[in-house]
Amino acid sequence: MNALAPLYQWYNQYKRELPWRQTNDPYLIWLSEVILQQTRVEQGLPYYLKFSAAFKNIEQLARAPEEKVMKMWQGLGYYSRATNMMQTAKLVVEMHQGKFPSDYASLIQLKGIGPYTAAAISSFASNEAHAVVDGNVYRVLSRLFNIKEPINSHNGKKLFARIANEVLNKKNPATHNQAMMELGALICKPQKPDCENCPLRLQCISYQEGNHLQLPIKNPKKKPVMRYLNFIVADAVNFTILQKRSGKGIWHNLYEPPSIESTSIIDNKILMAEINKLALFKTKKPIRLNKVYECKHQLTHQTIYAVFWVVACKASSLQTKPPYVKAGWKDISKFAVHRLFDKFLKYYNLQQQLT
DNA sequence: AAGTCGGGGTG
DNA sequence: CACCCAGACTT
């Protein structure tokens, strides 16, 4: 008998009913896996429902305007996933005649699909024998076999990938993979694991040794860097000016007000000099800066201290040529924006209503 | 092999 | 506050 039989039995009894488990369509499975990368099921679920309803198949997604897809992705984070998703959709329509691949070798070549996602799609859609290794699996395996190799080290990744494939049930890789991840999500949780109800507690070595809470081991990461962002919100009564973030860095392809970054908190005088360099205001007349909103915004690798300066001005005084974009306040919700700007918008909108 | 890319839940 | 989440890409 397979040692993991209790796991599979537990899975059949306690698994969550999740929409992407009801299909064998590699396109829908891909959609769910990309959305769920580094994202908890509860957070990704509404996005999956929205995307799968809007784009029933790969052709519809490939045809969708980029701005619309970015807007739908708004709030989910790691925005390059959306860009890669669109690129892959177009490529699959052109090169694979719209038939989404479901074999590992083809999948791993696509943008945005790495070892985890290729294993997930190929096992779920084609029952290929590739073990998934995600955060859940790292945790389950490290505790089950009391493995102290750091999961974010080069050797650790190779080791866990090897072990995951060794314990993989080759007759039913799909259920095995789902069960491993479900155990990590519902029982073998990071902080308060429910070991009393774990189907594998009798064979869990770290549980018997009493060090399961110390696992998995992870090499320390460096702490977030501090950044200071000043956003210039030009308010011409009916519209404002936005620009699209480009190049590398955070919030790629999202819209925001013209911004000025500094190495520390800066005063109005220095800020004014920087604003002039933006060539946002055509007028020579000095503008009045109104500090309307400030907050700290925490990302994984950076802590942002942001200030939103509102400048009331006439429409004729604003530059509306590229890279600037004219955005009507009424239409502002059509732009894909990051959470930080969204926080400001909610505050500013509320403030306007009160005055 | 190390850095970077978000946002939100949890304790 | 620190940690983590159905990871992947870049350098």
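Worth saying up front: this structure is predicted, and the values here are computed from it rather than measured. We name chains A, B, ... by the order of the sequence lines, and we start the count at 1 in each one.
- Salt bridge A:Lys244/A:Glu67: present, at least one basic N to carboxylate O contact under 4.0 Å.
- When heavy atoms are screened at a 4.0 angstrom cut-off, A:Glu182 is found touching no nucleic acid atom at all.
- For A:Lys111, whose side chain is taken as the heavy atoms from C-beta onward, the closest listed nucleotide among C:dT10, C:dG7, C:dC4 is C:dT10.
- Comparing A:Leu36 and A:Ile108, the nucleotide of DNA chain C nearest to each residue sits closer to the 5' end for A:Leu36.
- The nucleotide whose nearest atom lies closest to any side-chain atom of A:Trp251 is, among B:dG6, B:dG8, B:dT4, B:dG6.
- At C:dA6, none of the side-chain N or O atoms of A:Arg40 fall inside 4.0 Å of OP1 or OP2 (strictly under the cut-off).
- A:Phe281 has its side chain within reach of A:Val311: a pair of non-hydrogen atoms, C-beta onward, lies under 4.5 Å apart.
- Nucleic acid contact for A:Gly75: sugar-phosphate only, since backbone atoms but no base atoms lie under 4.0 Å from a heavy atom of the residue.
- A close approach under 4.0 Å does occur between a side-chain nitrogen or oxygen of A:Lys248 and OP1 or OP2 of C:dT11.
- The number of heavy-atom neighbours closer than 6.0 Å to NZ of A:Lys50, taken from other residues, nucleotides and ligands shown, is above 12.
- Checked against C:dA8, C:dC4, C:dT11, the side chain of A:Thr117 finds its nearest nucleotide in C:dA8.
- Each of A:Val93, A:Ile29, A:Asn57, A:Leu107 was scored for a side-chain contact (heavy atoms from CB on, under 4.5 Å) with A:Phe100, with one residue passing: A:Leu107.
- Between A:Trp73 and the phosphate of B:dG6, there is no side-chain N or O to OP1/OP2 separation shorter than 4.0 Å.
- In terms of phosphate contacts, A:His297 brings a side-chain nitrogen or oxygen within less than 4.0 Å of OP1 or OP2 of B:dG7.
- Across B:dT4 and C:dA6, the matching P atoms stand 24 Å from one another, rounded to whole Å.
- Distances shorter than 4.0 Å separate some side-chain N or O of A:Tyr79 from OP1 or OP2 on B:dG7.
- Between A:His252 and A:Tyr79, the ring centre distance reaches or exceeds 6.0 Å.
- The base of B:dG7 does not come close enough to the side chain of A:Thr39 for any donor and acceptor atom to sit less than 3.5 Å apart.
- If you check distances only, the side chain of A:Tyr116 never reaches the base of C:dG7 with a donor-acceptor pair under 3.5 Å.
- Summarising the geometry, atom CD1 belonging to A:Ile241 is positioned 8.0 Å from atom NZ belonging to A:Lys326; distances are rounded to the nearest 0.5 Å.
- You'll find that the side chain of A:Tyr78 is closest to B:dC5, out of B:dC5, C:dA6, C:dA8.
- Taking every side-chain heavy atom of A:Gln302 into account, B:dC5 is the closest of C:dA8, B:dC5, C:dA6.
- In this structure, the nucleotide among B:dG7, B:dG6, C:dA6 sitting nearest to the side chain of A:His338 is B:dG7.
- A:His338 and A:Trp251 have parallel rings, their planes meeting at less than 30° on a 0 to 90° scale where 60° marks the start of perpendicular.
- A donor and an acceptor atom sit less than 3.5 Å apart, one in the side chain of A:Gln43 and one in the base of B:dG7.
- Put simply, A:Gln37 has no side-chain N or O that comes within less than 4.0 Å of OP1 or OP2 on B:dG6.
- No engagement by A:Ile35 is indicated, since no non-hydrogen atom pair under 4.0 Å with the nucleic acid exists.
- A:His252 comes within 4.0 angstrom of nothing in the nucleic acid, heavy atoms only.
- In this structure, A:Arg21 reaches the bases: a heavy-atom distance under 4.0 Å links it to at least one base atom across the strands shown.
- Checked against B:dG7, C:dG7, C:dC5, the side chain of A:Arg139 finds its nearest nucleotide in C:dC5.
- Phosphate contact (OP1/OP2 of C:dG7, side-chain N/O of A:Gln38, threshold under 4.0 Å): present.
- For the P atom pair drawn from B:dG6 and C:dT10, the interatomic distance equals 14 Å after rounding to whole Å.
- Using a 4.0 Å heavy-atom criterion, one finds that A:Gly249 contacts the sugar-phosphate atoms exclusively.
- The residue among A:Leu18 and A:Lys296 whose nearest nucleotide of DNA chain C is located toward the 5' end is A:Lys296.
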